[in-house]
Amino acid sequence: MPDALDFLIGDAKDVARQLIGWRFYHRMPNGELVGGTLSETEAYHQDDAASHAYNGLTERTRVMFGPPGHLYVYFTYGMHWCANIVTGPVGNAQAVLLRALIPDNGIVIMRGRRPGRADKELASGPAKLCQALSISGADNSKPVGNEQTGEFVLLPPTRTYHVEATPRIGITKNRDVLWRFVLLP
DNA sequence: ATGGGGATCGTCT
DNA sequence: GACGATCCCCATC
């Protein structure tokens with residue numbers, strides 16, 4: 001993991017807040033970066049009934065128990081992929097779900113992958129984000145870097161942002177904690 | 001603008 | 001065998 005991404009070793013709810021405003025990209029085979037500014041994240045902990053890691057290590061959650069800075073990609077509702085960045089110290093299964101981003105590069109590619117959608121809807125949900133960036137199970141466990149060459153790229157914010165904390169979306173357990181973070185306009 | 005329901009299958013009990 | 005860390009369409013207001 002590059003030094004600039006050392007903060008991913010931190011606690012998931014701290015990292016989830018920090019990640020708002022960072023720019024996340026999936027590189028095309030031709031080198032083009034497709035993605036934008038992260039605008040919505042959620043933190044998931046090992047001791048968190050809403051987390052896939054709550055019931056311990058399974059084949060699906062193996063990556064969450066591994067080193068930070070890697071993608072945990074899962075399949076849900078029989079048709080959707082969702083992507084997390086693993087955080088926290090090794091062995092302490094934590095991850096940050098990437099729920100939305102504001103496209104700022106490769107927008108034409110994203111429109112092609114999500115035909116008929118308005119630009120603001122290209123990556124405005126966790127499964128939409130994976131569609132727009134072409135992330136699937138084949139990308140599970142891949143590392144996130146900040147190099148010019150990596151397949152998944154995380155670049156620091158270009159300015160400071162205001163962030164709001166809210167309850168997480170779509171869960172039935174542990175609904176009271178404010179572990180969803182949203183970029184304020 | 002808002003709300004209800006269907007699609008669809010891997011994962012875990 | 002039940003249930004999702006969801007999205008989209010369609011009905012109704």
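Here is how names work: the chains are called A, B, and so on, in the same order as the sequence lines, proteins then strands, and each is numbered from 1.
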Whole-Å distance, Leu129(A) CG to dC7(C) C1', equals 14 Å

To the nearest angstrom, the CE-C1' distance between Met64(A) and dT11(B) comes to 15 Å

Atom NE2 of His52(A) and atom P of dG4(C) are separated, to the nearest Å, by 10 Å

query: Has Tyr44(A) got its ring stacked on dA5(C), by the test of a centre gap below 5.5 Å and a plane angle below 30°?
result: yes

Across the strands shown, which category fits Ala50(A) at heavy-atom distances under 4.0 angstrom: base, sugar-phosphate, nothing? base

Picking from dG4(C), dT11(B), dA7(B), the nucleotide nearest the side-chain atoms of Arg60(A) would be dT11(B)

Against the side chain of Tyr77(A), the closest entry in dC12(B), dT6(C), dA5(C) is dT6(C)

Of dC8(C), dT6(C), dC12(B), the nucleotide closest to the side chain of Gln131(A) is dC8(C)

Arg180(A) CZ to dT6(C) P, in whole Å, measures 10 Å

From OH of Tyr74(A) across to P of dT8(B) the rounded distance in Å is 20 Å

Quick note, Thr76(A) side chain, CB onward, closest among dG10(B), dG4(C), dC8(C) is dG4(C)

Whole-Å distance, Ile169(A) CD1 to dG4(C) C1', equals 15 Å

Does the gap between the ring centers of Phe7(A) and Trp22(A) come in under 6.0 Å?
-> yes

Of the listed dC9(B), dA5(C), dG4(C), the closest approach to the Tyr72(A) side chain comes from dA5(C)

* Asked: Is any NZ, NE, NH1 or NH2 atom of the basic residue among Arg23(A) and Asp104(A) found under 4.0 Å from an Asp or Glu carboxylate oxygen of the other?
  -> no

Under a 4.0 Å heavy-atom cutoff, the residues of residues 93-125 of chain A touching DNA chain B are none

Whole-Å distance, Met79(A) CE to dA5(C) C1', equals 15 Å

Report the relative orientation of the aromatic rings in Phe75(A) and Trp81(A); use parallel for angles under 30°, tilted for 30 to 60°, perpendicular for over 60°. tilted

Would you call Glu42(A) and Arg168(A) a salt bridge, using N to O less than 4.0 angstrom? no

| query | Should the pair His26(A) and Phe152(A) be assigned to parallel (<30°), tilted (30 to 60°) or perpendicular (>60°) ring geometry? | reply | parallel

Measure centre to centre between the rings of His52(A) and Tyr44(A), then say whether the value is under 6.0 Å. no

State whether the side chain of Asn146(A) and the backbone N or O of Leu154(A) hold a donor-acceptor pair below 3.5 Å, judged by distance alone. no

Checking N1-N3 plus N6-O4 or O6-N4 for Watson-Crick, or N1-O2 and O6-N3 for wobble, each under 3.5 Å, the partner of dA5(C) is none

Separation of dC12(B) atom P from Arg62(A) atom CZ, nearest Å, is 11 Å

